[in-house]
Structure formats: structure tokens, C-alpha cells
Amino acid sequence: MKRRLSIFLSISLIIAAAAVMVRVSAAPSAGKAAAERLGIVYPTVIAHRGASYLAPEATAPAYILARDLGADFLETDVQRTSDGVLIAYHDETFERTTDVAVRFPARAKNPVADFSLAEVKSLDAGSWFNARNPERARASYRGLQILTFEEVIAIASASRRPVGLYIESKSPELYPGIEYDIVKVLAARGRLDARRTIFQSFSGESLGVFAKAAPAIPRVYLIDEKMEKETGWKNLVRAAAGSGAGIGPVGYVAYPWNLGAAHRAGLIVHVYTVDAPWQFSALNFFGSDGFFTNRCDLLMEYYGRRPGMAPGDILEKFKY
Ligand code: G3P
Ligand code: CA
């Protein structure tokens with residue numbers, strides 16, 4: 001992944017120089033104006049599944065760290081359990097980041113939606129991280145639970161500093177009506193705030209449902225390589241402009257002329273998922289208005305924003 005992105009960015013840097021000469025890029029302020037119109041912090045630090053380089057993704061320490069390091073938004077993928085509870089989880093199954101194969105061997109490959117909340121809460125969503133990243137392992141990560149969506153909201157809200165939620169309807173075709181469920185939970189928690197909530201999806205249909213359920217909340221259309229290849233950037237920008245306020249391309253398609261076209265359509269552009277400082281520099285030069293990142297600590301530093309506390313101190317403070 002990193003090697004591919006490095007090669008892509010090296011080639012793109014050369015192309016970018018030519019692009020600047022022929023003035024195909026939008027003015028750097030174009031994205032800023034769109035963000036300001038929406039009341040969204042610019043440039044934007046979006047903690048992808050929390051501070052997920054330093055702690056197991058989408059768990060309490062990952063989100064608490066991201067919040068207290070100073071990220072603008074906590075990014076979360078939302079799915080629904082068999083008994084109708086919204087949870088913060090990315091994958092289609094629990095295999096990669098939990099002990100589901102030990103606890104429920106016959107159902108390990110079953111989709112997320114086949115498990116009740118009690119079953120989901122019985123999984124260990126932290127030990128995989130220690131095994132995979134011994135240099136960042138902590139005893140307290142063992143046995144961490146998958147969070148409900150409400151628990152993520154509670155973490156974002158338990159801070160004097162405004163911290164936003166950047167909420168993805170993950171595989172929305174599997175969860176009819178999940179957009180309304182998300183809006184209902186946000187409303188109950190007093191979090192339907194257009195400056196601190198953004199909906200995101202790879203599904204234009206899902207964004208359309210969000211638009212009906214909560215028209216004031218900004219929506220960002222996520223774009224992967226396959227979509228760019230099959231649909232074409234121009235059509236995707238048109239769709240994004242029709243269904244929301246922004247576009248969220250994967251780094252591989254974040255060419256400067258693509259970002260320029262999005263800015264000219266009045267869209268904000270948040271590129272995913274970018275973790276290295278030199279990649280922040282290159283894509284910032286290309287026009288990205290912010291990043292989804294697993295390294296919100298590094299992105300904060302890149303933007304010249306110093307965290308109040310060191311990651312280790314934050315983890316200690318919250319007994320992790
Ligand atoms: O939501 C932005 C980015 O997270 C999209 O990719 O697969 O990590 O959800 P993914
Ligand atoms: Ca996501």
C-alpha cells in the first residue's frame with residue numbers, strides 16, 4: 001500500500017509541475033472558501049478510525065487519543081447488529097480484528113449483521129493490535145470492546161473542545177434504513193450540528209437518503225480507484241455536487257487537475273487514507289483540504305498544530 005502510494009506520488013509530483021504550468025489547478029483558496037461556507041475547520045484533520053496507528057482501530061483509546069491530540073473529526077464506519085444496535089466497525093466480518101474465530105468458530109466468517117450486540121461486546125478487539133504491532137502494544141489493549149455508535153458520540157462529546165464526527169454508512173445496501181437510524185441517534189444525543197457532523201459514503205444512494213433524513217448535514221461522496229476508472233472523474237464530481245458538499249477520493253486518484261475540478265464545482269476535498277508527512281506535502285500541494293489519516297499526531301504537526309499532551313500521557317490519564 002505504502003510503496004504503491006510512494007510510486008504514485010513520485011510520478012504525480014512530476015506531472016503536477018507540468019499541471020501548474022498550464023494552470024489546470026484551481027486556486028489554493030478554492031477549497032478554503034468552500035470549507036468556510038460550510039463552517040468546517042480548514043485544513044481538516046480527520047482521525048481515521050481514531051488514532052489508529054497508536055491504538056486498536058475504532059476502540060475507546062483510539063478515539064480518546066484522537067480527540068485529545070486535537071483531531072477535528074473522529075471518523076467512524078457504522079454498521080448494525082442483528083438486534084438493531086449501531087456499532088462502529090469497518091470490516092464485513094469480525095475476523096481481522098477480533099477473536100471471533102475462537103469465540104464463535106462456526107460463525108467466524110458470518111457478516112457483522114449476524115451478531116447480536118451482546119455477542120459483539122463479548123469479542124476482544126484489542127489483542128490483534130498487540131500481536132501485530134509489538135512496539136506499540138499495551139497490556140490495557142487486551143480485551144478492548146467494539147464500540148456502539150452512541151459510545152463514539154459520547155467520546156466526541158466528552159470534551160470542552162468541539163470535536164466532530166465524520167460518519168460513514170458502511171455497506172449501506174446491507175442495512176436498509178441505517179441512515180435514518182444514524183440520524184435518530186445523533187438527534188437524541190444533540191449532535192445534529194452541521195459544523196461538527198459530516199456524512200460520508202461510497203454509495204450515492206445512501207447519501208441521497210442522508211439528504212432526506214437530515215438535509216442540513218454536509219455529505220461527502222467517497223471515491224475509490226474502480227469508481228474513478230469506470231465512471232470518470234467529471235461524472236463523479238457532478239454526482240458529488242448533486243448530492244452533497246464534498247468529495248473524498250482515495251490518494252491514488254487525487255491528481256491536481258481532479259482536485260481542481262472538484263474545487264471549481266464548489267466542493268471540499270478530503271483525501272483518504274494518508275499517513276506520511278511527505279505525502280501530506282504532495283497532496284496538500286495538489287489541493288487537498290484535509291486528510292483522513294491513521295496518524296492524526298503527524299498531520300497535526302504537519303499543519304503546525306501542537307497537541308496539548310503527548311500520546312503516552314493521554315493513554316496514562318485514561319488508564320490505558
Ligand atoms: O471513510 C474514508 C475512508 O475510511 C474510506 O475507506 O475503507 O477505510 O472506510 P475505508
Ligand atoms: Ca471509513
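Whatever order the structure lists ligands and atoms in, that order sets their numbers, starting from 1.
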- Message: Can you confirm whether or not the ring centre of Tyr255 sits under 6.0 Å from the ring centre of Phe286?
- Response: no
- Query: Any chance the rings of Phe104 and Phe115 have centres within less than 6.0 Å?
  - Reply: yes
- Task: Taking only heavy atoms of Gln200 into account, list the atoms of ligand 1 that are under 4.0 Å away from them.
- Result: 1 (O), 2 (C)
- Is the number of heavy atoms from other residues, nucleotides or ligands under 6.0 Å of Glu151 CD greater than 12? yes
- Query: Which is the closest N/O/S atom of Glu168 when seen from the Ca ion (ligand 2)?
  - Reply: OE1
- Item | Numbering as shown, the atoms of ligand 1 that approach Glu75 to under 4.0 Å (heavy-atom distance) | 1 (O), 2 (C), 4 (O)
- Message: Can you tell me if Arg132 has over 12 outside heavy atoms packed within less than 6.0 Å of its CZ?
- Response: no
- Which atoms of ligand 1 sit under 4.0 Å from any heavy atom of Asp77? 9 (O)
- Message: Can you tell whether the side chains of Glu168 and Arg49 come within less than 4.0 Å, N to carboxylate O?
- Response: no
- Phe202 near ligand 1, heavy-atom distance under 4.0 Å? yes
- Item | Any Lys170 heavy atom less than 4.0 Å from ligand 1 | yes
- Top protein contact for atom 4 (O) of ligand 1, by heavy-atom distance: His48 NE2, 2.8 Å
- Query: Nearest to the Ca ion (ligand 2), which N, O or S atom of Asp77 do we find?
  - Reply: OD1
- Atom name, Glu75 (N, O or S, nearest to the Ca ion (ligand 2)): OE2
- Item | Ring centroid separation Tyr89 to Phe94 under 6.0 Å | yes
- Item | Arg96, CZ atom: more than 12 neighbouring heavy atoms under 6.0 Å | yes
- Query: Is the centre of the Phe199 ring less than 6.0 Å from the centre of the Tyr166 ring?
  - Reply: no
- Item | Distance-only N or O hit between ligand 1 and Tyr272, under 3.5 Å | no
- Message: Heavy-atom distances under 4.0 Å decide this one: backbone, side chain, both or neither, for Leu222 against ligand 1?
- Response: side chain
- Query: Against heavy atoms of His90, which atoms of ligand 1 measure under 4.0 Å?
  - Reply: 7 (O), 8 (O), 9 (O), 10 (P)
